[in-house]
Amino acid sequence: MSKRPRSQLEQDTPGAVHCETRPQPPQLFRSGDRMEVCGHSLQSQEHGSPLVVNEVPEAAENYRKLFQEMLDTLKEKLQAAKIILGDEQERMVMMQKEEQNFKEMIESEYRIRIRLMTKENEMNLRSLQGRFNLNLRQASQNQLMEFATNLKEKFQETLQRLNFLGRENMKKLKESEVRLSEQICSLQQITVELEKKCRQPASVLLQNAKYALERSESLLYQFLQPAQITDLSLCQITGMSKMLKVLQRPITLDPRTAHPYLVLSEDLRSLRLRNVQRGVPGHPERFDFSATVLGVQSFTSGQHYWEVDVGKAAQWQLGVHRSSAIRNSSGNKVLLTGSLMGTDHTFWAFPPFRRVSLREQVHRVGVFLDYEYEQISFYDAAKSSLIYNFSYLAFQGALRPIFSLSISSGGVNSDSLSICLPYVSPCNDTVSPQ
């Protein structure tokens with residue numbers, strides 16, 4: 001917007017003041033049908049009829065009030081812009097961490113798949129013993145190599161996609177940082193000018209008063225918008241090894257560890273909440289802080305997998321618990337938490353406490369434990385995709401499955417979890433590498 005000519009009101013020169021076609025703010029200069037500046041009546045050259053304008057001090061005071069209102073609003077916007085800028089800078093750091101975490105998960109899942117494929121191949125070869133056939137063994141090895149090659153290509157494509165999205169997101173965030181910094185600079189400059197205006201005497205304040213207001217309004221109407229970035233969950237790893245079904249264990253619940261608010265089924269494969277604590281005998285392994293129960297089975301070696309139906313629970317936790325640790329301590333668990341608030345699904349992993357980039361509801365969760373390689377993975381078993389995995393966990397002692405529900409602060413809570421029965425395959429089947 002171009003600058004308007006400087007007002008000559010402060011010079012008390014009536015001939016230099018003109019009534020403009022563009023209307024002035026009505027509370028400043030309109031008063032009946034005549035115009036007056038510092039006691040002088042002026043003939044409007046454009047309208048051809050005399051107009052009256054309020055005294056300059058009164059007009060200046062009205063402008064001063066407008067300036068102060070605009071100044072207060074711009075200061076609020078300046079503060080909001082600084083907050084958004086800080087958020088954008090924090091998002092850049094978080095985005096880098098999230099991208100690195102996704103990369104580590106992809107690489108970890110690739111190593112898990114390769115180990116499981118190798119194990120599948122070994123099982124298939126053992127099934128051929130007694131009817132030894134060199135051609136069958138060679139065919140099995142060739143199939144393994146083919147699947148391994150395809151798997152590597154698939155994971156490399158996922159990594160490339162992740163790298164591309166990471167670069168694009170960072171570019172958008174940096175552009176947003178520059179844009180917000182420029183807006184902050186302009187807002188700081190105009191607030192300083194308006195503060196100076198508000199302290200000026202009437203005759204000086206009216207110089208370029210309308211232009212100052214117009215410039216302030218243009219900054220006020222600028223939209224403060226954070227960058228719109230792409231969710232990295234688009235790089236979600238799909239597919240699950242069929243070997244997981246072979247490793248699925250018949251987990252049952254340990255009543256001695258169940259919180260008093262939990263009710264276990266007779267077959268010890270499901271748990272639900274009740275609104276009143278049940279009378280239970282004391283036990284050193286019983287949870288008394290959260291609605292939690294452990295599985296009977298404990299693992300000190302090997303690979304193990306189990307699935308849990310979570311579709312009837314609004315809030316739940318699954319994972320493993322180090323049985324030799326203090327019962328209610330949070331430092332002895334590896335957990336995936338799911339929460340439904342309205343229609344929004346959120347998931348958190350621990351440790352450390354970290355939000356998982358997943359927005360869709362999960363109905364059945366698969367948990368895979370590889371004790372020797374110190375890894376735990378969580379899967380959306382219904383959709384055959386990875387939710388989250390942990391590596392380098394430094395296991396010590398026996399690990400047991402853990403199941404938790406959230407105790408409601410009021411009202412009826414009918415949340416429940418059910419452990420799925422293991423998959424039973426025909427005894428003469430071999431497993432195809434996946």
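Any value given below was found using the heavy atoms of this structure, including those in side chains, with hydrogens, waters and symmetry copies removed.
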Heavy-atom donor-acceptor pair, K77 side chain to L220 backbone, under 3.5 Å: yes
Check: T230 and N169 side chains under 4.5 Å, non-hydrogen atoms: yes
E90 atom CD: more than 12 heavy-atom contacts under 6.0 Å: no
Between N62 and E58: side-chain donor-acceptor atoms closer than 3.5 Å: no
From E374 atom CD to Q396 atom CD, the distance as rounded to the nearest 0.5 Å: 9.0 Å
R113 and E120: CA distance, side-chain angles, deciding distance, salt bridge (Lys or Arg N to Asp or Glu O under 4.0 Å) verdict: CA-CA 10 Å; R113 298 274 187 94; E120 290 169 5; over 6 Å; no
Side-chain donor/acceptor of Q315 to backbone N/O of L340, under 3.5 Å: no
Sub-4.5 Å side-chain heavy-atom contact between V334 and L399: no
4.5 Å side-chain heavy-atom contact, R215 and E193: yes
Minimum heavy-atom distance T257-L294, with the two atoms named: OG1-N, 2.9 Å
Qualifying salt bridge (Lys or Arg N to Asp or Glu O under 4.0 Å) pairs with a residue from residues 161-176, counting only residues at least two apart or across chains: none
Distance-only side-chain donor-acceptor flag, Q303 / K119, under 3.5 Å: yes
Between D309 and H363, a side-chain donor and acceptor under 3.5 Å: no
Flag, side chain of K197 to backbone of L205, donor-acceptor distance under 3.5 Å: yes
Aromatic plane relationship, F368 with Y305 - under 30° parallel, 30 to 60° tilted, over 60° perpendicular: tilted
Verdict with supporting geometry, N121 and Q143, side-chain contact (heavy atoms from CB on, under 4.5 Å): CA-CA 9 Å; N121 188 61; Q143 186 184 35; over 6 Å; no
Atom pair CD/CE of Q96 and M170 - distance to nearest 0.5 Å: 4.0 Å
N101 side chain reached by R354 side chain, heavy atoms, under 4.5 Å: yes
Rounded distance (nearest 0.5 Å) linking atom CE of M70 with atom CG of L219: 9.5 Å
Side-chain (R249) to main-chain (L247) donor-acceptor, under 3.5 angstrom: yes
Exercise: identify the closest heavy-atom pair between A202 and R64: N-NH2, 4.1 Å
Heavy-atom check, side chain of M240 versus side chain of D380, under 4.5 Å: no
Min side-chain heavy-atom separation F403-I419 under 4.5 Å: yes
Nearest-0.5 Å distance that lies between atom CZ in F223 and atom CD in Q183: 10.0 Å
Nearest atoms (heavy-atom pairs only) where S391 meets S108: OG-OG, 2.8 Å
Test log, rule side-chain contact (heavy atoms from CB on, under 4.5 Å), inputs L318 and L335: CA-CA 6 Å; L318 300 174; L335 299 171; over 6 Å; no
Closest approach of S301 to E372 (non-hydrogen atoms, all atoms of both residues): CB-OE2, 3.2 Å
Side chains of W316 and D415 in contact at under 4.5 Å (non-hydrogen atoms): no
Flag if over 12 foreign heavy atoms under 6.0 Å of NZ, K245: yes
Heavy-atom pair with the smallest gap, counting every atom of L66 and L213: CD1-CD1, 3.9 Å
Got a list of side-chain donor-acceptor pairs under 3.5 Å for residues 148-156, not counting sequence neighbours?
unit_1 : atom_1 : unit_2 : atom_2 : d
T149   : OG1    : M145   : O      : 2.9
N150   : ND2    : E146   : O      : 3.3
K154   : NZ     : T238   : O      : 2.8

Donor on one side chain, acceptor on other, S418 and S270, under 3.5 Å: no
Geometric class of the F395/Y371 ring pair [parallel <30°, tilted 30-60°, perpendicular >60°]: tilted
Side-chain donor-acceptor pair present, R111, Y373, cut-off under 3.5 Å: no
Residues Q236, L386; criterion side-chain contact (heavy atoms from CB on, under 4.5 Å); working and verdict: CA-CA 7 Å; Q236 188 177 23; L386 178 69; 5.8 Å; no
Residues which pass salt bridge (charged side-chain N to carboxylate O under 4.0 Å, His left out) with K75, listed by chain and number, not counting sequence neighbours: E195
Considering all heavy atoms, the nearest A258-L264 contact: CB-CD1, 4.1 Å
S290 side chain to S404 side chain, donor-acceptor N/O pair below 3.5 angstrom: no
Derivation and outcome, side-chain contact (heavy atoms from CB on, under 4.5 Å), residues N389 and Q375: CA-CA 7 Å; N389 66 21; Q375 290 181 316; over 6 Å; no
Sole residue of R286, R400, Q297 in side-chain hydrogen bond (donor to acceptor under 3.5 Å, both in side chains) with D254: R400
Interatomic distance, I237 atom CD1 to S384 atom OG [nearest 0.5 angstrom]: 13.5 Å
Minimum side-chain heavy-atom gap M105-F102 below 4.5 Å: yes
Pairwise distance CG(L194) to CD(Q189) - rounded to 0.5 angstrom: 10.5 Å
